[in-house]
Amino acid sequence: MANAKVYSILVFVMFLWGMNVTWLKVIVSNGDPLTIQTARIFLAAITIFIILKLTKQPLYVKGMPFKYIFIGCFFGVICHHVFLAYGIVQTTAMKTAIISGLSPLFTALIAVLFKDTVMTKSKLIGFALGGVGVLFAVVDDITELTNLQLGDFLVFMSFFLQAFSFLAIRRATEVISPMLMTGWMLLIGSSLLLIFTFATSFRSYWAFLPFSPFIWLVFFMSAILATSIGHTLYNLCIKHIGAAESAIFVNFNTIFALIGAALFLHEIITLQQFIGSLIIISGVIIGTSNLEERLLQRKKNRDKLEC
């Protein structure tokens, strides 16, 4: 798959995930965050298996890489959503956005550590600019960053541990399709979370009964579009270009989240947020430019002409 096509898919996924920030704000305010997240992920998993069945794709293949499926499930579903659900209610939305904006850098560093990618200067600049852009877009008062809370640590752990799941996905999709990997990962993870939430907070599921038709619509859009389709496409991109290279696009979440908040929550996009968005876009362009390879190829071509 050509890189341009992969990059286009990643931008579309970031649009879905950015809109999902607004959708989640709507649905988690109507019940226990972890319970709603669990039900949402379970619905996403069922959706993927229905699609696999309707398209006559196998639900199980010989040599299933369950080792990587369980690693991806543990770090990417259980750890990520449990830490995020409990952390997000103990910190501010601003600090959550900043930590999530730094998650591409976590992914890149872990990918380098496990020799899944090489950190070039252009990639490093791209990741750095992305982080700066997120900071510029969401920080109004710098003093708020010095007031560290338990929620900040939990949110940090949520995104840090999720980065390990991307490497597992990369390994697993060498054997099975990204859709099958996503389906099994979400199904196992959400099933374990269902057992946990039923055992610890069964009554929290009663919150679904008074949902209005609008809340149910948002819930289904979040589960089906953002989670089942979004994660399947993102895992497809990880298969083709790697975890670190895909992660740099995650900074686009901030831009689309701002757009979603403006469209659905009637929030105003400020000049500072606009400039931060431009910095993020610049970071993604530089980070995916493969500048070193281009310069090396140009040097080789020049040497050939001189010969």
Side-chain angles (χ1 to χ4, degrees), residues 16-50 73-97 99-100 103 138 149-159 161-162 165 182-183 185-231 253-254 256-258 260-267:
L16 292 177
W17 288 359
M19 294 297 106
N20 195 43
V21 172
T22 304
W23 297 339
L24 287 175
K25 283 183 179 179
V26 173
I27 59 177
V28 298
S29 61
N30 288 271
D32 176 66
L34 182 58
T35 299
I36 290 176
Q37 285 283 68
T38 299
R40 191 178 63 83
I41 299 165
F42 185 75
L43 174 60
I46 297 302
T47 301
I48 290 175
F49 279 102
I50 290 174
C73 159
F74 178 72
F75 289 114
V77 179
I78 297 174
C79 290
H80 175 64
H81 288 286
V82 170
F83 280 116
L84 186 61
Y86 288 113
I88 201 169
V89 296
Q90 300 181 56
T91 187
T92 64
M94 182 194 74
K95 286 195 278 188
T96 301
I99 295 169
S100 67
S103 64
V138 302
Q149 300 169 317
L150 175 61
D152 303 329
F153 173 75
L154 295 177
V155 172
F156 168 80
M157 290 302 296
S158 167
F159 288 100
L161 293 176
Q162 185 190 37
S165 73
T182 308
M185 192 174 77
L186 295 181
L187 181 64
I188 295 172
S190 61
S191 297
L192 293 173
L193 287 176
L194 276 173
I195 295 171
F196 174 76
T197 52
F198 263 98
T200 58
S201 54
F202 175 76
R203 291 184 179 181
S204 62
Y205 280 91
W206 292 107
F208 286 93
L209 294 178
F211 271 15
S212 67
F214 173 74
I215 300 298
W216 277 116
L217 175 63
V218 174
F219 179 81
F220 276 94
M221 286 196 303
S222 176
I224 296 171
L225 296 179
T227 303
S228 62
I229 294 176
H231 278 279
N253 271 358
T254 302
F256 289 121
L258 291 173
L263 290 175
F264 299 106
L265 302 178
H266 307 293
E267 296 181 8

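The heavy-atom pair separating L16 from A226 by the smallest distance is O-CB, 4.1 Å. Nearest heavy atoms, H81 versus L34: O-CD1, 4.0 Å. Here the shortest heavy-atom pairing between I48 and G183 reads CG2-CA, 3.7 Å. G31 approaches A207 most closely through the heavy-atom pair CA-CB, 4.0 Å. When all heavy atoms of S190 and T38 are compared, the closest pair comes out as O-CG2, 3.7 Å.
If you take OG1 on T47 and CZ on F220, they are separated by 8.0 Å, rounding to the nearest 0.5 Å. Taking CD1 of I224 as the start and OG1 of T227 as the end, the distance is 10.0 Å to the nearest 0.5 Å. If you take CG on N30 and CD1 on I215, they are separated by 4.5 Å, rounding to the nearest 0.5 Å. S204 contributes atom OG, which lies 8.5 Å from atom CZ of F198 (distance to the nearest 0.5 angstrom). Here the CE-SG distance, from M157 to C79, works out to 7.5 Å after rounding to the nearest 0.5 Å. Atoms CZ and OG, on F74 and S165 in that order, are 11.5 Å from each other to the nearest 0.5 Å.
With sequence neighbours excluded, the residues satisfying side-chain contact (heavy atoms from CB on, under 4.5 Å) with F208 are T35, I36, A39, Y205, F211, W216, F219. Taking the side-chain contact (heavy atoms from CB on, under 4.5 Å) definition, one finds that S158 meets it with H80, F83, L84, sequence neighbours left out. Applying the side-chain contact (heavy atoms from CB on, under 4.5 Å) rule to S191 yields the partners F42, L187; only residues at least two apart in sequence or on another chain are considered. For the ring pair (Phe, Tyr, Trp, His ring centres under 6.0 Å) test, no residue two or more places apart in sequence or in another chain qualifies with W23. Shown here are the side-chain contact (heavy atoms from CB on, under 4.5 Å) partners of I78, two or more places apart in sequence or in another chain: C73, V82, L192, L193.
Between the T197 side chain and the L194 main chain, a donor and an acceptor come within less than 3.5 Å of each other. Here the side chain of S222 pairs no donor or acceptor atom with the backbone of V218 at under 3.5 angstrom.
Atom CZ of F75 sits in a crowded spot, with more than 12 heavy atoms from other residues, nucleotides or ligands closer than 6.0 Å.
Using a 4.5 Å heavy-atom threshold, the side chains of R40 and I27 count as touching.
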